[in-house]
Amino acid sequence: MTATMGPTASFRLMTDALPERDRVEIMREVYGRTVLKVDLDPLGPTQVDMRVRALPGLGIATGTCSEFRVHHSTPLIDSDDLVLLVALDGASVMKHRGREEPVGNGQALMMSGEEVGLNVIQPGGLRFVNMSFSLRALSPLIGDPAPALMQPLPTSGGAMRLLLDYVQSIQDAGDVLTPEAWHLATTHIFDLVALTMGATRDAAEIARGRGVRVARLRAIKADITAHSGHGDLSAEDIARRHRLSARYIRKLFEGEGTSLSDFMLCQRLLRAHRMLGDPRHAGRSITAIAFEAGFNDLSYFNRAFRRRYDATPSDVRAAALRT
């Protein structure tokens, strides 16, 4: 179990790192009743790997768990937060407001945290994203939340897909983010969840120009980073994967004072720089590294690399070998 304090409080629990005899008790008391405000009862061998992050008005939990009975009982109700459960893999059955709804792969469900509820995670366990939102902060964006409660929400596209991708990216970034960055991230998450629930007209207009734009740009940057080694990567390829126009993608980067081509070049140069400084690639030629980083022209690579790092690829490699 690890904990980090800073602009946000984060907790991580990996049951494999705990003595087997203590796992159930720690889950029940520390992460169940204290952090998550629920009663946890394992329905099989206990396996959990989750990270919980607390932000002002927002809680995020991501990870995996084995089958559990999760009961939000009356003694543990201490807020009117809205709670969103997303089943990325696996299945769960939610019982709330006199209704029972299965939540399977690629589905989400919103519940009220001020009411009793039951979540039964099915055999095989669950890979999940779980978020809680301050109703006081969210209600100006959505009005009455009741119509959205206990209604299955698809996660394959639209604002929900942007929300999940954005949340995962900031969870991955973790404690390196500044307090200002976390504040902005919280605002963007509220924008996106409001759109998934049915934002008011004014809030929707603001969210599309703020939260949606930032989430899309973050997803596109992650896509480019993952595919930067493809020499034929184009704006059209990126646009097709994100179901946007190439012109819109270019405008997103222009809004940051840069360009799509500059960002792609920086990612390729960064990839090459890392390989040149890695002893595991010491036996590879600079030409091979340049091509693997996505460059098709060695002369252009050398010029761009020197302009970026004020050193040649050979200089960087030599410096790494001396350390």
Side-chain angles (χ1 to χ4, degrees), residues 1-5 8-15 18 22-87 90-103 108-122 125-139 142 144-146 148-151 153 167 171 186 189-190 193 197:
M1 181 171 63
T2 61
T4 303
M5 304 302 291
T8 69
S10 65
F11 307 87
R12 187 173 185 186
L13 174 64
M14 295 176 287
T15 48
L18 299 173
D22 298 329
R23 291 177 183 177
V24 173
E25 189 64 22
I26 290 174
M27 280 297 303
R28 281 177 172 159
E29 294 303 321
V30 178
Y31 277 82
R33 301 181 70 86
T34 303
V35 177
L36 303 178
K37 306 297 184 184
V38 294
D39 288 312
L40 294 174
D41 293 308
L43 301 177
T46 302
Q47 290 290 327
V48 174
D49 184 354
M50 73 164 74
R51 178 174 289 281
V52 179
R53 187 173 299 277
L55 296 150
L58 173 67
I60 302 172
T62 55
T64 60
C65 67
S66 53
E67 51 188 303
F68 274 91
R69 181 181 183 273
V70 184
H71 184 208
H72 188 49
S73 58
T74 300
L76 294 176
I77 295 174
D78 65 353
S79 76
D80 59 358
D81 289 355
L82 297 181
V83 180
L84 177 68
L85 172 67
V86 183
S92 178
V93 175
M94 305 299 304
K95 298 179 180 180
H96 183 61
R97 290 195 155 199
R99 294 180 57 181
E100 181 174 308
E101 287 286 346
V103 187
L109 203 68
M110 184 75 75
M111 298 153 288
S112 170
E114 67 176 347
E115 300 174 20
V116 170
L118 180 66
N119 175 12
V120 182
I121 298 169
Q122 301 299 290
L126 193 67
R127 183 167 67 91
F128 63 88
V129 174
N130 198 0
M131 287 177 275
S132 63
F133 304 91
S134 162
L135 180 59
R136 181 178 180 181
L138 189 58
S139 57
I142 61 172
D144 182 9
L149 300 181
M150 291 300 288
Q151 299 295 324
L153 302 167
V167 166
Q171 282 285 75
T186 302
I189 289 170
F190 271 84
V193 77
M197 295 180 67

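Note that these values count all heavy atoms, side chains included, but never hydrogens, waters or copies made by symmetry.
- For Arg28 against Pro42, the heavy-atom pair with the smallest separation is NH2-CD, 4.0 Å.
- Using modelled atom types, no side-chain atom of Glu29 and backbone atom of Met27 make a donor-acceptor pair closer than 3.5 Å.
- Distance check: Asp80 CG to Ser134 OG gives 7.0 Å after rounding to the nearest 0.5 Å.
- Rounded to the nearest 0.5 angstrom, Thr62 OG1 and Asn130 CG are separated by 10.0 Å.
- Of all heavy-atom pairs between Met50 and Val48, the closest is CE-CG1, 3.6 Å.
- In this structure, the side chain of His96 does not engage the main chain of Leu118 through any donor-acceptor pair within 3.5 Å.
- Leu126 and Ala91 make their closest contact through CD1-N, 3.6 Å (heavy atoms, listed as atom of the first residue, atom of the second, distance).
- In this structure, the separation between CE on Met150 and CE on Met110 is 12.5 Å, given to the nearest 0.5 Å.
- Here the side chain of Arg51 pairs no donor or acceptor atom with the backbone of Gly63 at under 3.5 angstrom.
- For the atom pair CZ of Arg23 and CG of Leu13, the computed distance is 9.5 Å after rounding to the nearest 0.5 Å.
- Counting all heavy atoms, side chain and backbone alike, Leu85 lies closest to Met111 at CB-CE, 4.1 Å.
- With sequence neighbours left out, Thr186 forms a side-chain hydrogen bond (donor to acceptor under 3.5 Å, both in side chains) with no residue at all.
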Side chains of residues 64-77: which donor-acceptor pairs under 3.5 Å do they make with residues two or more places apart or in other chains?
unit_1: Ser66; atom_1: OG; unit_2: Pro45; atom_2: O; d: 3.1
unit_1: Ser66; atom_1: OG; unit_2: Gln47; atom_2: N; d: 3.0
unit_1: Ser66; atom_1: OG; unit_2: Gln47; atom_2: O; d: 3.4
unit_1: His72; atom_1: ND1; unit_2: Lys37; atom_2: O; d: 3.1
unit_1: His72; atom_1: NE2; unit_2: Gly113; atom_2: O; d: 2.8
unit_1: Ser73; atom_1: OG; unit_2: Asp39; atom_2: OD2; d: 3.0

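- For the atom pair CD1 (Ile189) and CD1 (Ile60), the distance works out to 4.0 Å, reported to the nearest 0.5 Å.
- Taking the side chain as every heavy atom from C-beta outward, Leu58 and Phe133 approach each other to under 4.5 Å.
- No donor-acceptor distance shorter than 3.5 angstrom exists from the side chain of Ser92 to the backbone of Val103, with no hydrogens or angles considered.
- For residues 109-118, every residue pair satisfying the side-chain hydrogen bond (donor to acceptor under 3.5 Å, both in side chains) rule, not counting sequence neighbours, is listed here: Arg97-Glu115.
- Contact record, Leu84 with Leu153: CD1-CD1, 4.3 Å, taken as the closest heavy-atom pair.
- Within the 4.5 Å cutoff, side-chain heavy atoms of Leu82 are placed close to those of Leu149.
- Shortest non-hydrogen contact noted between Ile121 and Leu43 is O-CD1, 4.3 Å.
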